[in-house]
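These notes are about the structure you will find just below.
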There are 2 protein chains.
Amino acid sequence: MESKDLKQVGLKATIPRLKILKFLEESDVRHMSAEDVYKALLESGEEVGLATVYRVLTQFESAGLVARHHFEGDHSIFELNDSEHHDHILCVKCGRVDEFVDEVIESRQAAIAREKGYSMDDHALYIFGVCSDCQQKK
Amino acid sequence: MESKDLKQVGLKATIPRLKILKFLEESDVRHMSAEDVYKALLESGEEVGLATVYRVLTQFESAGLVARHHFEGDHSIFELNDSEHHDHILCVKCGRVDEFVDEVIESRQAAIAREKGYSMDDHALYIFGVCSDCQQKK
DNA sequence: ACCTAAATGCGAAAGATTCTCATTTCTATA
DNA sequence: TATAGAAATGAGAATCTTTCGCATTTAGGT
Ligand SMILES: [Mn+2]
Ligand SMILES: [Mn+2]
Ligand SMILES: [Zn+2]
Ligand SMILES: [Zn+2]
């Protein structure tokens, strides 16, 4: 909810960065590819180079402003880091994405890392299925 | 452990397919990219086109002979489907991969899908961390 | 206002995967 | 066992996403 300032995270407040951040904050779609961001900006008349979109999103990720996901394996999906950590459940028919947090899973993951002798950095959990809407349509 | 026959899964028993399957069965490395498989076959004197490796691995996946993973987001990793379902914990330093099964997590995932109104097809869970070996080295 | 490092935009390049299509190989059937 | 036809292969072109190189522009401290 609290929009962090670019300078706070050590990034110069350039026009492209401000446009991209503003777009992420105001978009009602939470999960977007770099291409999605690029096209959306173009359509709203904001000109930002595609390479810059990629660069800036990566910088935002490093700065903790956005999270990167690999929902399908091919391209990266970004989302503004404005809420708690959460995992995702995705509809394989329509692409819908829902978010969830499960403390049981979180703690089991930590336990597994411990059991295996790993220090845990991060994790990715994706559940794939068919959402209720798509189940009815078929 | 039981090596299924190609014809059993509806695939013609061609030389390239037999070579790839045999390689997967005999390799001591369990998780490999298409490129890995291609190069390993080349080195052992078996000539199989790269495009064929990609095609065959995808066919094997459809047939249930192999599983495909997206460990890092970019390229696909394949493994022979000879054991129970399991998830993975990966070392971000050395690339080591360990496998685990956790019934608690499995059932929580099913519960979450139910709660969200999804019919669950599949899931992917990757834990990233630093393995015990790499922790000591640093 | 000026200077310099940092950032941008463009197109080229990269890496992974798929596609095209001429040629080869299975396999069912005669 | 010979043969026809469908299916599969191999080689390279094409595609897709992402990164790179570099000339030009910009932010921000002096
Ligand atoms: Mn999310
Ligand atoms: Mn495995
Ligand atoms: Zn759906
Ligand atoms: Zn390690």
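Bear in mind the structure is a predicted one, so any value in this text is a computation, not a measurement. Naming: A, B, ... by sequence-line order, numbering from 1 per chain.
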Would you kindly give the [atom1]-to-[atom2] distance between [X] and [N], to the nearest whole Å?
X	N	atom1	atom2	value
His75(A)	dG15(C)	NE2	P	21 Å
Leu50(A)	dT17(D)	CG	C1'	9 Å
Leu57(B)	dA8(D)	CG	C1'	15 Å
Leu11(A)	dT26(D)	CG	P	19 Å
Gln59(B)	dA8(D)	CD	P	6 Å
Leu18(B)	dT25(C)	CG	C1'	12 Å
Leu41(B)	dT9(D)	CG	P	13 Å
Lys19(B)	dG10(D)	NZ	P	8 Å

**Request:** Could you point out which residue of Arg68(B), Glu35(B), Glu61(B) forms a side-chain hydrogen bond (donor to acceptor under 3.5 Å, both in side chains) with Ser76(B)?
**Result:** Arg68(B)
OP1 or OP2 of [N] under 4.0 Å from side-chain N/O of [X]:
X	N	value
Arg55(A)	dA7(C)	no
Tyr54(A)	dT18(D)	yes
Thr52(A)	dG9(C)	yes
Ser76(B)	dT17(C)	yes

**Message:** Using a heavy-atom cut-off of 4.0 Å across all strands, would you classify Glu35(B) as base, sugar-phosphate, or nothing?
**Reply:** nothing
**Request:** Would you mind classifying the nucleic acid contact of Ala34(B) as base, sugar-phosphate or nothing, using non-hydrogen atoms under 4.0 angstrom?
**Result:** nothing
**Request:** For a ring pair (Phe, Tyr, Trp, His ring centres under 6.0 Å) with Phe71(B), tell me which candidate from Phe128(B), Phe78(B), Tyr126(B) qualifies.
**Result:** Tyr126(B)
**Message:** So that I know where these two stand, are His85(B) and His123(B) an aromatic pair - ring centroids less than 6.0 Å apart?
**Reply:** yes
**Aromatic ring pairing His31(A)/His69(A), orientation class (parallel under 30°, perpendicular over 60°, tilted between)** = tilted
**Item:** Asp102(B) and Arg108(B) ion-paired at < 4.0 Å
**Value:** no
